[in-house]
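Presented below is the structure to which this report refers.
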Amino acid sequence: GAERYFTRWYKPDVKGRPCEDFCVLQHSNRRVGRGGSGICVITLAEAHPLLQSGKTIKSINYQISANCSRLQNKVSGKSKRGAQFLTELAPLCRISSSDGEEYTIYSCIRGRLIEVNENILSNPTLLQEKPSTEGYIAVVLPKFEESKSITQGLLTQKEYEEVLLKRRNCSS
């Protein structure tokens, strides 16, 4: 279903960190009468270091700071009351790999945090084996009035493939 109903958008080199790329899967449904964009699923892009062979995920932590845990996000009702508001560079979680590297995963879009994927806490391999489906990181709902601008600064699949090609050419 991810390929059929979602449009892929990419954010490469987030916060200037080479290859730390994220993918935003934007649902195609348009909210009736509002002209808004659908819900967005935040995932790792295929070039992210955590998805390269040899990396093993040691831990995933949704505790962002002493006072902020994404696991405490409690959403209720049609208007999604209680949802944490995120900016483009709001951290969603931190992932440690067995080689000692730690990666901060960012929202990449503005909106309300609808849910985090608690399944990856008990089964971190989902993140690597099925990043676009069961291994997603979070679900974010953009604001209605920002729906048209939500993808500004993000790359299309084709544009992202060009970035990957340039990277390969530079490293060879």
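There is no path of hydrophobic side-chain contacts, each under 4.5 Å, that joins Trp9 to Val163. Clustering ILVMFWY residues whenever any of their side-chain heavy atoms sit less than 4.5 angstrom apart, transitively, puts Tyr106 in the very cluster that holds Val140. Phe6 and Ile114 fall within a single hydrophobic cluster, where Ile, Leu, Val, Met, Phe, Trp and Tyr are joined by side-chain heavy atoms under 4.5 Å apart, directly or via other members. Residues Tyr10 and Ile42 fall into different hydrophobic clusters, defined by Ile, Leu, Val, Met, Phe, Trp and Tyr side chains chained together at heavy-atom separations under 4.5 Å.
The shortest side-chain heavy-atom distance between Pro142 and Arg110 does not fall under the 4.5 Å cut-off. Side-chain contact between Asp13 and Arg167 is present, with heavy atoms from C-beta onward closer than 4.5 Å. Between Val116 and Leu92 there is no side-chain heavy-atom pair separated by less than 4.5 Å. Pro91 has its side chain within reach of Arg70: a pair of non-hydrogen atoms, C-beta onward, lies under 4.5 Å apart. Between Leu113 and Val75, every side-chain heavy-atom pair lies at or beyond the 4.5 Å cut-off. Proximity of Lys15 to Leu89: side-chain heavy atoms (C-beta onward) are separated by under 4.5 Å at one or more points. Leu164 is listed as a side-chain neighbour of Arg168, based on a closest heavy-atom distance under 4.5 Å. Gln63 has its side chain out of reach of Leu71: every pair of non-hydrogen atoms, C-beta onward, lies at least 4.5 Å apart.
Nearest heavy-atom pair across Cys108 and Leu154 is O-CD2, 4.2 Å. Heavy-atom minimum distance, Pro49 versus Lys55: O-CG, 3.1 Å. Of all heavy-atom pairs spanning Tyr160 and Pro12, the tightest one is CE1-CB, 4.3 Å. For Ser132 against Thr43, the heavy-atom pair with the smallest separation is CA-CG2, 4.1 Å. The two residues Ile60 and Ile120 make their nearest non-hydrogen contact at CD1-O, 3.3 Å.
Using a distance-only test at 3.5 Å, with no hydrogens or angles considered, no donor-acceptor pair links the side chain of Glu102 to the main chain of Ile95.
Between Tyr103 and His48, the angle of the ring planes goes over 60°, which puts this pair in the perpendicular group of the 30/60° scheme.
Note on Lys166 versus Glu162: no salt bridge recorded, every NZ/NE/NH1/NH2 to OD/OE distance being 4.0 Å or above.
Of the N and O atoms on the side chains of Arg17 and Thr104, not one donor lies less than 3.5 Å from an acceptor on the other residue.
The number of heavy-atom neighbours closer than 6.0 Å to CG of Asn67, taken from other residues, nucleotides and ligands shown, is 12 or below.
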